[in-house]
Amino acid sequence: MLRRVFAPAAIFCLAFALRFAFLLQMRDTPMRDYAELDWHEWFIYDSAYYQSIAASISRGDLIAPTAHFLSPMYSLLMGLVYAVFGVDLGPVRLVQCVLGSLSCVLLYWIGRRVFSEITGVLAGVCLALYGLHIYYTELILPTTLVVFLNLAFLALVSTEPSRLTPLRASGAGVVLGLAALAKENALLLVFATVALFLWQQRQFGSRRMTSTIAPFALGLFVTIVPVTIHNHIASGEFVLITTTAGRNLLKGNGPTANGTHVKLSPSILDTNIKVYLDGDVVPGQAARESSQMVAKTLEYTAGQPIASAKLFAKKALLALNQRELFIQDNFYFTKRYSSVLRLPLPGFGLIGVLGLAGAVWGLRRWQSRAHVYAMLLVQIVSYTLVFVLARYRLVAVCCLILFASHFLSDAVQLLKEGRWRSLALAAGVTLGCALLVNIRFAQFPYERGFPKMSNRIDQIQSARRNSRLNLHGRRAAPAATNSQPGGGVD
């Protein structure tokens, strides 16, 4: 019993220590100034939106002025933290630190159950050390929550078919619903999960299938419907969760698409996060614009089939590329302020190669790990359909960590047994995956976005210096205005 508790406890402590140390380091750096309670000073507008909704929730205002722009689950979590601790981002970051550490424990449990004990330990430790997962502990974005909820869902469904009780199935439905409220691409898992339930339960007959799928669907329904009702009350339109589908599709597949996030022309849409934060939002307008942008995207892709196919292939390659892509946040830029992030931590260049090799290597036994394969495939497809960002693929990274950990443990076993032919085959698969992951996209350098972040830091520091001078009765110099804050849609 003590041995079974030791591994997850050690993994949690390692993960928490690294994340908490990172938060302490960031406290006294200019990067912390990206998050201010006055939204005009926020560098990432998505973060300002979540903060605005959370502050309203903490005051008891549960109905927003319009349908949700961005996923509501994160705002709800922030609002609950604010209600307990006051409107302060420190406790929010601490909660993210705990959720991130628990995600490492969940990955250990999944690895242990689906693969082996050693795979679980390797996977939990690897996620604990994964630099990008540590990095998003700091930012006021739903990334840490999204990873936690998706792994919690995977932990519930990754079990023997005979042990999938109606209670467990309903719990999986609730957790998947919460994951969809945190990021909508989780809805694609509904179809994959139902198909796998039907396939896994076929040996037990139709009654058992029904007793599994019905509670799962009910749990999903009762979780998502309240948000849909809220959106209808607020806007008068049918909006399942958010109004971002249209703009994300157009950004990822329209005339200006390049594989990652791009800004849309102001002439295309009148409703955006800045309009909402200024208090000028018109109820229902964002939902109608979203429908119009879906139609524009379909019209453009139908009229440009070859260009659209090439773009889709490019996004598929970017989805598996070692280069991390960002909008206003940048992991590579932040490393200069954190010795934790500068540690020799595993990145996608390693995890992507070994994870893909492990996924290919383990295909002959795919039935026992079908849910892990399904989640990996759904994640890759979902952000390839829109655009690729580093934070979007972190759930897929967790699946790749599982396959990478099992691949390494298998390779060690082959080495012990002297099975050189199998080892040579594994090395060949690894080499092919290394070539795929390390394709160079020159238009996306590591320094992409560095000048804008530097300018923004200069703006904030200049404004703070001027504010301090004003407080002492001295004349202030004008702040730099050569760049404007911005942000993407989550």
Open item on the list: Please report the interatomic distance CG(Leu164) to CG(Leu196), rounded to the nearest 0.5 Å.
Closed with: 11.0 Å
TODO: Output the distance between atom OH (Tyr383) and atom CG (Asn185), rounded to the nearest 0.5 Å.
DONE: 9.5 Å
Task: Heavy-atom neighbours of Arg440 CZ exceed 12 at 6.0 Å - done: no
TODO: With side-chain contact (heavy atoms from CB on, under 4.5 Å) as the test, would you mind laying out the steps for Tyr74 and Gln96 before giving the verdict?
DONE: CA-CA 11 Å; Tyr74 184 61; Gln96 292 183 172; 2.4 Å; yes
Task: Greater than 12 external heavy atoms within 6.0 Å of Leu167's CG - done: no
Task: Spacing of Phe326 atom CZ and Leu139 atom CG [to the nearest 0.5 Å] - done: 9.5 Å
Open item on the list: For Tyr135, run the ring pair (Phe, Tyr, Trp, His ring centres under 6.0 Å) check against Phe331, Tyr332, Tyr130 and tell me which one passes.
Closed with: Phe331
Open item on the list: How close do Gly100 and His133 get, counting heavy atoms only, and between which atoms?
Closed with: O-CE1, 3.4 Å
Open item on the list: Could you check whether any side-chain heavy atom of Phe22 comes within less than 4.5 Å of a side-chain heavy atom of Arg27, counting everything from C-beta outward?
Closed with: no
Task: Residue pair Asn150, Lys183: steps toward the side chain to side chain donor-acceptor pair (under 3.5 Å) verdict - done: CA-CA 10 Å; Asn150 277 273; Lys183 185 148 190 64; over 6 Å; no
- [ ] Could you tell me whether a side-chain N or O of Gln201 sits under 3.5 Å from a main-chain N or O of Thr210, the two making a donor and an acceptor?
- [x] no
- [ ] Determine the interplanar angle of the Phe16 and Phe12 rings, folded into 0 to 90°, and report it as parallel if under 30°, tilted if 30 to 60°, perpendicular if over 60°.
- [x] parallel
Open item on the list: Is any side-chain heavy atom of Phe153 closer than 4.5 Å to one of Leu178?
Closed with: no
TODO: Check whether any side-chain heavy atom of Leu151 lies under 4.5 Å from a side-chain heavy atom of Leu127, and answer yes or no.
DONE: yes
Open item on the list: Tell me whether the count of non-hydrogen atoms from other residues, nucleotides or ligands lying under 6.0 Å of CD in Glu160 goes above 12.
Closed with: no
Open item on the list: If you count every heavy atom of other residues, nucleotides or ligands that lies below 6.0 Å from Arg364 atom CZ, does the total exceed 12?
Closed with: yes
- [ ] Kindly give the heavy-atom pair with the smallest separation between Val92 and Ile140, and that separation in Å.
- [x] CG1-CD1, 4.2 Å
- [ ] Looking only at non-hydrogen atoms, find the nearest pair between Gly284 and Thr66 and report the distance.
- [x] N-OG1, 3.6 Å
Open item on the list: Can you tell me how far apart CG (Asn330) and CG (Leu325) are? Round to the nearest 0.5 Å.
Closed with: 9.5 Å
Open item on the list: Distance check, rounded to the nearest 0.5 Å: Leu414 atom CG versus Leu425 atom CG?
Closed with: 9.5 Å
Donor-acceptor contacts, no H, no angles, side chain residues 397-407, under 3.5 Å, sequence neighbours left out:
| unit_1 | atom_1 | unit_2 | atom_2 | d |
| --- | --- | --- | --- | --- |
| Ser405 | OG | Ala123 | N | 3.2 |
| Ser405 | OG | Ile401 | O | 2.8 |
| His406 | ND1 | Thr119 | OG1 | 3.4 |

Open item on the list: Closer than 3.5 angstrom, by distance alone: can the side chain of Ser338 be matched with the main-chain N or O of Val340 as a donor-acceptor pair?
Closed with: yes
Open item on the list: Tell me if a side-chain donor or acceptor on Ser103 pairs with a main-chain N or O of Leu99 at a distance below 3.5 Å.
Closed with: yes
Task: Backbone of Leu240 reached by a side-chain donor or acceptor of Thr228 within 3.5 Å - done: yes
Open item on the list: Any heavy-atom pair between the side chains of Tyr82 and Gln51 that's under 4.5 Å?
Closed with: yes
Open item on the list: Testing the 3.5 Å rule here: is there a donor-acceptor pair between the side chains of Thr243 and Glu289?
Closed with: no
- [ ] Output yes when a side-chain donor or acceptor of Arg393 lies under 3.5 Å from a complementary backbone atom of Val388, and no otherwise.
- [x] no
Task: No-hydrogen, no-angle side-chain donor-acceptor test under 3.5 Å, Arg247 and Thr244 - done: no
Open item on the list: Show the nearest heavy-atom pair for residues Gln322 and Phe348, with the distance to one decimal.
Closed with: CA-CD2, 3.8 Å
TODO: Mark yes when over 12 heavy atoms from residues, nucleotides or ligands other than Trp109 sit less than 6.0 Å from its CH2; otherwise mark no.
DONE: no
Open item on the list: Suppose the criterion is ring pair (Phe, Tyr, Trp, His ring centres under 6.0 Å): which pairs have a residue in residues 210-239, not counting sequence neighbours?
Closed with: His68-His230, Phe197-Phe216
TODO: Kindly give the heavy-atom pair with the smallest separation between Val190 and Leu220, and that separation in Å.
DONE: CG2-CD2, 3.5 Å
- [ ] Measure from the side-chain N and O atoms of Thr297 to the backbone N and O of Met293, and report whether any donor-acceptor pair falls under 3.5 Å.
- [x] yes
- [ ] Start with the C-alpha distance between Val386 and Leu249, add both sets of side-chain angles, then the distance that settles side-chain contact (heavy atoms from CB on, under 4.5 Å), and finish with yes or no.
- [x] CA-CA 5 Å; Val386 284; Leu249 281 172; 4.1 Å; yes
Open item on the list: Between Val174 and Ser170, is there a side-chain heavy-atom distance shorter than 4.5 Å?
Closed with: no
Open item on the list: Is it the case that atom CZ in Phe441 sees more than 12 heavy atoms from other parts of the structure closer than 6.0 Å?
Closed with: yes
Open item on the list: Checking Leu376 against Val372 for the side-chain contact (heavy atoms from CB on, under 4.5 Å) test, could you report, in this order, the C-alpha distance in whole Å, the side-chain angles of both residues, the deciding distance, and whether it holds?
Closed with: CA-CA 6 Å; Leu376 175 61; Val372 182; 5.7 Å; no
TODO: Answer yes or no: is there a side-chain heavy-atom contact under 4.5 Å between Val353 and Asn438?
DONE: yes
- [ ] Could you tell me whether the side chain of Arg19 reaches within less than 4.5 Å of the side chain of Cys104, counting heavy atoms only?
- [x] yes
Task: Gap separating the CG atom of Leu23 from the CG atom of Leu94, nearest 0.5 angstrom - done: 7.5 Å
Task: Shortest non-hydrogen separation from Leu76 to Ile57 and the atoms involved - done: CA-CD1, 3.8 Å
Task: 4.5 Å side-chain heavy-atom contact, Leu320 and Ile380 - done: yes
Open item on the list: Test side-chain contact (heavy atoms from CB on, under 4.5 Å) on Ile241 and Leu187; report intermediate values, then the result.
Closed with: CA-CA 10 Å; Ile241 298 177; Leu187 288 174; 4.0 Å; yes
Task: Main-chain N/O of Tyr136 paired to Arg391 side chain as donor or acceptor, under 3.5 Å - done: no
